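Heads up, the thing below is written out as structure tokens.
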Amino acid sequence: WDQCKNHGVSYRTYGEFIGDNMKPSIPVLEDHFCKYYTPWIQTIRDTVRFREWKRDFDSLLAINAVPQFNSLRFINDHTLGLNLNMPTPFAQVADNDLATGMFVEYLSHSPIWKETLILIVEDDAQNGPDHVDAHRSPAFIAGGYVKKGFVDHTAYTTSSMLRTMELILGLPPMTQYDAAATPLWRCLNNTPDHPPFEARPCLVDLDEKNLAESEWQKKSETFDFTAEDRINDFEFNEVIWRAVKGLDSPCPPTVRAAFFMPGNKEDED
């Protein structure tokens, strides 16, 4: 956002760095946020947030004022664990998935689809169990220029997504990490010919609640869900694993591996 401000790129945020008082927590976002987009309240569905974004987007599109850079946060894939009478992790993740699909579908049918690139990344990989490596995190891209039926074996990082945004917006890199990151250019075409996206229907009951009491439900209710990043990752991973895999299924140990991304021959010499 600072780079956008300094280089004359219009920007807007939906939920990111917006407090419970519906005001930005950093000065650069003053007058650059949606004033009715729900912040970190996990009892509000992400599909509701989608409709709040849609209302704001439509109003901006009508006056040709959609900012060049927009950041939007759907939060419910974090879940509320096994908290009693709260939505189950299945329901909350399904809500998050559905809102994401509705968001991409709506943009893909808008007049600006051919000029749009959507970059979606999980903000917290939870540093948890993964059969390959706990560093991994899902990421998705969508837009008019995105290739169809293409398999890319490049090792990308979150910094790669930042670098891609910077290059498209004409912004300089912020640090050595995004400056050196490989952008997602292999995933993009020279012409915007990707067809509109159609969201799949939700097959999960979004009203499903946690009803069974257990030691893991009691553990879950000791966590502070009032804001992001207030829970011990490893303890929360244990609760989530048992909520999904079964209360008697022990959480596997975290796997981490070192990895090396070589440069070209000249760099190595």
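These figures come from a predicted structure and were not determined experimentally.
Counting only heavy atoms from C-beta outward, the side chains of Val104 and Ile120 approach each other to under 4.5 Å. Between Phe33 and Phe17 there is no side-chain heavy-atom pair separated by less than 4.5 Å. Within the 4.5 Å cutoff, the side chain of Asp56 has heavy atoms near those of the Tyr36 side chain. For the pair Ser110/Phe57, a side-chain contact is recorded, criterion being any heavy-atom separation below 4.5 Å from C-beta on. In this structure, Ile118 and Ile141 have side chains that are not in contact, with every pair of non-hydrogen atoms separated by 4.5 Å or more. Counting heavy atoms from C-beta on, the side chains of Lys209 and Met86 never come closer than 4.5 Å. The side-chain heavy atoms of Leu61 and Pro111, taken from C-beta on, include a pair separated by under 4.5 Å. Side-chain contact between Arg73 and Tyr14 is absent, with no heavy atoms from C-beta onward closer than 4.5 Å.
Once rounded to the nearest 0.5 Å, the distance linking CD of Glu228 with CD1 of Ile75 reads 8.0 Å. A distance of 13.5 Å separates CD of Glu238 from CG of Asp233, quoted to the nearest 0.5 Å. The distance from atom OG1 of Thr38 to atom CH2 of Trp40, rounded to the nearest 0.5 Å, is 13.5 Å. Taking OG of Ser220 as the reference point, atom CZ of Arg242 lies at 13.5 Å (rounded to 0.5 Å). Expressed to the nearest 0.5 Å, how far OH of Tyr37 lies from CD1 of Ile18 amounts to 11.0 Å. The SG atom of Cys187 lies 10.0 Å from the CG atom of Leu119; values are rounded to the nearest 0.5 Å.
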Applying side-chain hydrogen bond (donor to acceptor under 3.5 Å, both in side chains), run through Asn189 and Thr191 and close with a yes or a no. CA-CA 5 Å; Asn189 277 324; Thr191 54; 5.5 Å; no
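The cluster map of Ile, Leu, Val, Met, Phe, Trp and Tyr, joined by side-chain heavy atoms under 4.5 Å apart, puts Phe140 and Leu188 in different clusters. Val146 and Val121 fall within a single hydrophobic cluster, where Ile, Leu, Val, Met, Phe, Trp and Tyr are joined by side-chain heavy atoms under 4.5 Å apart, directly or via other members. Hydrophobic clustering (side-chain heavy atoms under 4.5 Å, transitive across Ile, Leu, Val, Met, Phe, Trp, Tyr) keeps Val66 apart from Phe69. Ile41 and Leu72 fall into different hydrophobic clusters, where Ile, Leu, Val, Met, Phe, Trp and Tyr are joined by side-chain heavy atoms under 4.5 Å apart, directly or via other members. Follow the hydrophobic side-chain contacts under 4.5 Å out from Leu84 and you never reach Leu82; the two are in separate clusters.
Under the rule for a ring-ring contact (aromatic ring centres under 6.0 Å, His included), the partners of Phe103 that lie at least two apart in sequence or sit in another chain are Trp53. The side-chain contact (heavy atoms from CB on, under 4.5 Å) test applied to Arg230 returns Asp224, Thr226, Ala227, not counting sequence neighbours. Legend: residues meeting side-chain contact (heavy atoms from CB on, under 4.5 Å) with Lys148, ordered by chain and number and at least two apart, are Asp193, His194, Pro195. Checked against ring-ring contact (aromatic ring centres under 6.0 Å, His included), Phe197 has no partners two or more places apart in sequence or in another chain. For Lys5, the side-chain contact (heavy atoms from CB on, under 4.5 Å) criterion is met by Tyr11, Val28, not counting sequence neighbours. Contacts of Pro67 classified as side-chain contact (heavy atoms from CB on, under 4.5 Å), with partners at least two apart in sequence or in another chain: Ser10, Arg12, Leu60, Asn70. Annotation: salt bridge (Lys or Arg N to Asp or Glu O under 4.0 Å) contacts of Lys219 (sequence neighbours excluded): Glu235.
Between Gly8 and Gln68, the shortest heavy-atom distance links the atoms O-OE1, 4.1 Å. Shortest non-hydrogen contact noted between Phe90 and Ala243 is CE1-O, 3.9 Å. Nearest heavy-atom pair, Leu247 versus Ser214, reported as atom, atom and distance to 0.1 Å: CD1-CB, 3.9 Å. Here the shortest heavy-atom pairing between Phe74 and Asp77 reads O-OD1, 3.9 Å. Across all non-hydrogen atoms, the minimal contact from Gly81 to Ile240 is CA-CD1, 3.9 Å. Across Ser71 and Trp1, no two heavy atoms sit closer than the pair OG-CZ2, 3.3 Å.
Residue pairs meeting the side chain to side chain donor-acceptor pair (under 3.5 Å) criterion with at least one member in residues 243-253, sequence neighbours excluded: Trp241-Ser249. Every pair passing ring pair (Phe, Tyr, Trp, His ring centres under 6.0 Å) that includes a residue from residues 202-232 is listed here, sequence neighbours excluded: Phe223-Phe236, Phe225-Phe236. Among pairs with a residue in residues 44-54, those fulfilling salt bridge (Lys or Arg N to Asp or Glu O under 4.0 Å) read Arg45-Asp207, Asp46-Arg49, Lys54-Asp58, at least two apart in sequence or across chains. Listed by first and then second residue, the salt bridge (Lys or Arg N to Asp or Glu O under 4.0 Å) pairs that reach into residues 83-112 come to none, sequence neighbours excluded.
At distances below 3.5 Å, at least one donor-acceptor pair connects side-chain atoms of Thr175 with backbone N or O atoms of Tyr177. Panel note: side chain Gln92, backbone His78; no donor-acceptor pair is recorded below 3.5 Å.
Each of Asn210, Asn83, Val239 was compared with Glu221 under the side-chain contact (heavy atoms from CB on, under 4.5 Å) criterion, and only Asn83 meets it.
The 12-atom threshold is exceeded at CZ of Arg186, counting heavy atoms of other residues, nucleotides or ligands nearer than 6.0 Å.
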Extract all donor-acceptor atom pairs below 3.5 Å that involve side chains of residues 163-172 and protein atoms in other chains or at least two apart in sequence.
{"residue": "Arg163", "atom": "NH1", "partner": "Glu166", "partner atom": "OE1", "Å": "3.2"}
{"residue": "Thr164", "atom": "OG1", "partner": "Ser160", "partner atom": "O", "Å": "2.8"}
{"residue": "Thr164", "atom": "OG1", "partner": "Leu184", "partner atom": "N", "Å": "2.9"}

